[in-house]
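Okay, structure first, notes after.
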Amino acid sequence: MPELPEVETVVRGLRMLLPGRSIVGVRLGKTDFIDDPASLEEGLPGSRIASVERLGKFIRILLDPQQSAAQKEGRRNLIVHLGMTGRLAVRPAGEPFPPHTHGFFELDDGRELRYTDPRRFGRIVLVPESGIAAFGGRLGDEPLEISAREFQRRLGGRRARIKALLLDQSVLRGVGNIYADESLWRAGIHPARLAAQLSRTDLARLRQAIRYVLRWAIRLGGSSISDFVDAEGNPGEFQIRHRAYHRHGKPCFRCGTTIRQMIVAGRSSHFCPKCQPPPRGKRGGARAAAHAKRAA
DNA sequence: AGCTCTTCCTGAAAGC
DNA sequence: TGCTTTCAGGAAGAGC
């Protein structure tokens, strides 16, 4: 599933291909994951792609209005979220396309930007430039840019489980299930621990772990599971570097203990029970401990 | 505030 | 072998 490193990989690819190109036509298949399909089909042709950026897990394609005149709309942003199985690729217009390709954005150089998404958990929205600040405002900080102090402030003291906070896009933008598990493993923190129980050192270590893991994953072109590929169709290589994610039943790279899996924050979570000690009192954690205390 | 459950959707994997 | 069932999972919304 595309998370920050995968989206960054796609964005870097698109950045080589799209800026300067104009959209000359739009064809859509199924549109139930597109906010306003008609406005894409009618409003996009003629606009010129100015830039491609990443906003957390969102891809932001900035469009200059059509030269002609007619509409005096300002700049707009084609915002794409890949969901779980979304893919964006730039291919020659005549080339056969894979099943579940629901968006075709024809370019002025004979190629087209294609959106493919079997499960359609993705999202495509057109946001006017004037609305982009509000859009970004709903997202938390960039994990690669957040300072140690700010990280401490955003997460420290929260009563939620640390895993839930890492996945919360309004806290940090871009971290998903894979990189949450990988970062927690690296930092030696159990996913079910409450953020408020973590020490300053724990949080500092976690921030560093997140930075390390994300940067490494970006360098390797992301993780290819659920067949992720970049803008040119190449798979990433970080999946072979996973230390925790989907490794339940296998030995921990650090201590050899068997990696376990449990549901935390409604998500399947993978961790080493030895390197990442559970919140006080083995299974049950703080909740069971509080329960026992009350009963006693 | 934060947790759990549900919904969306399809293909892969497990079950029989 | 082949059909049926279950499940995963990002995000949002409901209900507790």
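Predicted model only: the values in this text are computed from it and were never measured.
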Find out whether [X] and [Y] are in side-chain contact, i.e. whether some heavy atom of one side chain is under 4.5 Å from a heavy atom of the other.
X	Y	value
A:Phe271	A:Met262	yes
A:Tyr212	A:Ser183	no
A:Val125	A:Phe58	no

Let me know the distance between [atom1] of [X] and [atom2] of [N], rounded to the nearest Å.
X	N	atom1	atom2	value
A:Arg87	B:dC9	CZ	P	21 Å
A:Asp35	C:dA11	CG	P	15 Å
A:His248	B:dA13	NE2	C1'	12 Å
A:Arg138	C:dG13	CZ	P	10 Å
A:Lys57	C:dA11	NZ	C1'	9 Å
A:Met84	B:dC9	CE	C1'	10 Å
A:Arg154	B:dA1	CZ	P	13 Å
A:His102	B:dC9	NE2	C1'	10 Å

Salt bridge A:Arg87-A:Asp117, side-chain N to carboxylate O under 4.0 Å:
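Salt bridge between A:Arg87 and A:Asp117, a charged N being under 4.0 Å from a carboxylate O: no.
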So that I can tick it off, tell me whether A:Glu53 and A:Arg15 are bridged by a salt bridge, with the cut-off set at under 4.0 angstrom between side-chain N and carboxylate O.
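Between A:Glu53 and A:Arg15 there is a salt bridge, with a charged N closer than 4.0 Å to a carboxylate O.
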Looking at the base of C:dG10, is there any donor atom on it, or on the side chain of A:Arg123, that sits under 3.5 Å from an acceptor on the other one?
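Check fails, no donor-acceptor contact within cut-off.
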How sharply is the helix from B:dG2-C:dC16 to B:dC16-C:dG2 bent, taking the axes over five pairs at either end and rounding to 10 degrees?
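For the helix from B:dG2-C:dC16 to B:dC16-C:dG2, the axes at either end differ by 50°.
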Side chain of [X] - closest among [options]:
X	options	value
A:His100	B:dG2, B:dG11, B:dC9	B:dG11
A:Ser268	B:dC9, C:dG10, C:dG9	C:dG9
A:Ala164	B:dC3, C:dG9, C:dA11	B:dC3

Using a 4.0 Å heavy-atom cut-off, does [X] contact any base of the nucleic acid, only the sugar-phosphate backbone, or nothing at all?
X	answer
A:Arg158	sugar-phosphate
A:Gln169	sugar-phosphate
A:Asp117	nothing

Pick from A:Asp108, A:Asp109, A:Ile49: which one makes a side chain to side chain contact (heavy atoms under 4.5 Å, CB included) with A:Ser22?
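Among A:Asp108, A:Asp109, A:Ile49, the one meeting side chain to side chain contact (heavy atoms under 4.5 Å, CB included) with A:Ser22 is A:Asp108.
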Side-chain N or O of [X] less than 4.0 angstrom from OP1 or OP2 on [N]?
X	N	value
A:Lys30	B:dC8	no
A:Arg119	B:dC8	no
A:Tyr245	C:dG9	yes

Looking only at the aromatic ring of each residue, does the gap between the centers of A:Tyr115 and A:Phe33 stay below 6.0 angstrom?
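Between A:Phe33 and A:Tyr115, the centre distance is under 6.0 Å.
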Partners passing side-chain contact (heavy atoms from CB on, under 4.5 Å) against A:Glu95 (at least two apart in sequence or in another chain)
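For A:Glu95, the residues satisfying side-chain contact (heavy atoms from CB on, under 4.5 Å) (neighbours in sequence not counted) are A:Arg91, A:Pro92, A:Arg114.
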Output yes if the stacking criterion (under 5.5 Å between centres, under 30° between planes) is met for A:Phe121 over the base of C:dA11, else no.
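Aromatic stack with C:dA11 absent for A:Phe121.
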